[in-house]
Amino acid sequence: MRIPISAETKVSRALPTDLLMLVVVVIWGVNFSVVKLALEQFPPLVFSALRFVLAVVALVPLLRLREGRQQLPPGQFWWLAVLGFIGNTLYQICFVFGLSLTTAANAALLVATTPALVALLGAAFGVERITRRMGWGIALAVLGVGLIVAGRGVTLAWHTVAGDALVLVATFCWAIYTLGVRKFGSEISSLRITTLTMFAGTPGLLLVGAPDLLRLDWTAIHAGGWMGLGYSAMFALVLAYLLWNTSVRVVGSARTAIYGCAVPIIAALVAWPVLGERPKPLQVAGAVLIVAGVLLTRRPATEPVAPVAAKLR
């Protein structure tokens, strides 16, 4: 089912890509505190597996309703399956285990290199051209995240090396996923890409989380834990992934990835009243650099704008 061109044009004017990505930034920023509270009741691997199951349960009927049964171009199903395994299964497993072996500050700093990795890999594989302005913007934003993380304290020690390495692998997985979405162009809708890649990534998470799932005391999960799981599945996965994939296809992987640097700003603001983590002056300076970096990488006004809703069709 396709939206008429006139409707696509109206929606694209009402929902510019910058606004869509700001929604993603807020969702993922809030998600840090939500997940931290939910993990007090759920084992990490169980939480990851369950939220992906919920996301797939929501996405499959939505895809069927909006697009019906459609044949994928030859060979694309297996590419989507590989992309889902890398960007969902491997990413989640490496990040969860990596975070358990290193500090949260170290993990945040390594994840902050995602925009630079996306830009470098994209340029190396010819996915997109990185301008000098975008390069400066990415550098400023990554430096800003570094200042925010430095305010929490970064630890460089032998006992964190294994965890740091796993988080770095996770970061590469997300960069590859982002570039992979870009490579599909307009052949497949963002909704179909999101649904199929998430569907492909869920079995591996269920397999790894199975031992903890079997031991889980379901009666010990309170309403807050279920609400956190629901938010993390429906908003941080379903909605945010759809908007992320749409932005990648409309403005490119590098310009989309840079918004990830703004997530720590929202995360810090939310954690202040919710978790009692008060921002420090160094983190405020980092936030200013991030905003400056994002503004530098924004699409110039003279650049032609691709309809956002057309990619969602």
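Note that the numbering runs from 1 along the sequence shown for the chain.
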**Student:** If we ignore hydrogens and angles and just use 3.5 Å, is the side chain of W28 paired with the main-chain N or O of A240 as donor and acceptor?
**Tutor:**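 No.
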**Student:** Is there side-chain contact between L62 and L191, with heavy atoms separated by less than 4.5 Å?
**Tutor:**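 When only atoms from C-beta onward are counted, L191 and L62 do touch, with a gap below 4.5 Å.
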**Student:** Looking only at non-hydrogen atoms, find the nearest pair between A200 and L80 and report the distance.
**Tutor:**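 So the two residues come closest at CB-O, 4.5 Å.
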**Student:** Should M198 and W174 be regarded as members of a common hydrophobic cluster, given that ILVMFWY residues are connected when their side-chain heavy atoms come within less than 4.5 Å of each other, either directly or indirectly?
**Tutor:**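 Yes, M198 and W174 fall within the same hydrophobic cluster.
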**Student:** Are M227 and L237 connected into the same hydrophobic cluster when the rule is that any two of I, L, V, M, F, W, Y join if their side-chain heavy atoms are below 4.5 Å apart?
**Tutor:**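 Different clusters: L237 never reaches M227 through Ile, Leu, Val, Met, Phe, Trp or Tyr contacts under 4.5 Å.
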**Student:** A side-chain contact here means heavy atoms from C-beta on lying under 4.5 Å apart; do L216 and P43 qualify?
**Tutor:**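 A side-chain contact exists here, since the closest heavy-atom pair is under 4.5 Å.
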**Student:** On a heavy-atom basis, which atom in I86 and which in C173 lie closest, and how many Å separate them?
**Tutor:**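 The answer is O-CB, 3.4 Å.
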**Student:** Given T197, which partner from the list L83, V82, T202 fulfils the side-chain contact (heavy atoms from CB on, under 4.5 Å) test?
**Tutor:**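 Per the side-chain contact (heavy atoms from CB on, under 4.5 Å) rule, the option paired with T197 is L83, out of L83, V82, T202.
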**Student:** List the atom of G225, the atom of A38, and the distance in Å for their closest heavy-atom pair.
**Tutor:**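 Smallest heavy-atom distance, with atoms named: O-CB, 4.4 Å.
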**Student:** As an exercise, state the distance from CG of L206 to CG of L50, rounded to the nearest 0.5 Å.
**Tutor:**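 Here the interatomic distance stands at 7.5 Å.
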**Student:** If I take atom CD1 from residue I193 and atom CD1 from residue I188, how far apart are they, to the nearest 0.5 angstrom?
**Tutor:**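 It is 5.5 Å, given to the nearest 0.5 Å.
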**Student:** Do L205 and I176 share a hydrophobic cluster, counting only Ile, Leu, Val, Met, Phe, Trp and Tyr and linking them when any side-chain heavy atoms are less than 4.5 Å apart?
**Tutor:**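 Looking at the clustering, I176 is in a separate group from L205.
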**Student:** Just wondering, do L59 and F199 contact through their side chains at under 4.5 Å, heavy atoms?
**Tutor:**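 No, too far: nothing below the 4.5 Å cut-off.
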**Student:** Between L239 and M234, is there a side-chain heavy-atom distance shorter than 4.5 Å?
**Tutor:**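 Of all side-chain heavy-atom pairs linking L239 with M234, none is under 4.5 Å.
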**Student:** Mind checking whether F172 and L90 sit in one hydrophobic cluster, side chains of I, L, V, M, F, W, Y counted as touching below 4.5 Å?
**Tutor:**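 No, F172 does not connect to L90 through the hydrophobic network.
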**Student:** Give the minimum heavy-atom separation between S247 and T256, together with the two atoms involved.
**Tutor:**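 Taking every non-hydrogen atom into account, OG-OG1, 2.7 Å.
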**Student:** To the nearest 0.5 Å, how far apart are OG1 in T89 and CD1 in I93?
**Tutor:**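 Spacing of OG1 (T89) from CD1 (I93) equals 6.0 Å.
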**Student:** Side chains of F97 and V208, heavy atoms from C-beta outward: is any pair under 4.5 Å?
**Tutor:**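 Counting from C-beta outward, F97 and V208 do come under 4.5 Å.
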**Student:** Where do S190 and L242 come nearest, in terms of heavy atoms and distance?
**Tutor:**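 Of all heavy-atom pairs spanning S190 and L242, the closest is O-CD2, 3.9 Å.
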**Student:** Check whether S253 reaches the backbone of V118 with its side chain - one donor and one acceptor, N or O, closer than 3.5 Å.
**Tutor:**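 Checked: no pair found.
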**Student:** Do F77 and V56 sit in the same hydrophobic cluster, where Ile, Leu, Val, Met, Phe, Trp and Tyr count as joined when their side-chain heavy atoms come under 4.5 Å apart?
**Tutor:**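 Yes, F77 and V56 fall within the same hydrophobic cluster.
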**Student:** Do F95 and L166 touch side chain to side chain, with heavy atoms closer than 4.5 Å?
**Tutor:**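 No, too far: nothing below the 4.5 Å cut-off.
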**Student:** Applying ring pair (Phe, Tyr, Trp, His ring centres under 6.0 Å), which residue pairs with at least one partner in residues 220-239 are found, sequence neighbours left out?
**Tutor:**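 Sorted pair list: F42-W226, Y231-F235.
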**Student:** Of all heavy-atom pairs between S189 and R249, which one has the smallest distance, and what is that distance?
**Tutor:**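 Heavy atoms of S189 and R249 come nearest at CA-NH2, 3.6 Å.
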**Student:** Counting neighbours of OH on Y91 that are heavy atoms of other residues, nucleotides or ligands and sit closer than 6.0 Å, is the number greater than 12?
**Tutor:**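 Count over threshold, so yes.
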**Student:** Please tell me if the side chains of L229 and F47 come closer than 4.5 Å, counting only heavy atoms from C-beta onward.
**Tutor:**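 A side-chain contact under 4.5 Å exists here.
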**Student:** Distance from R182 atom CZ to N245 atom CG, nearest 0.5 Å?
**Tutor:**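 The CG atom of N245 is 12.5 Å from CZ of R182, to the nearest 0.5 Å.
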**Student:** Does some side-chain heavy atom of Y177 sit less than 4.5 Å from a side-chain heavy atom of F85?
**Tutor:**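 Side-chain contact under 4.5 Å: no.
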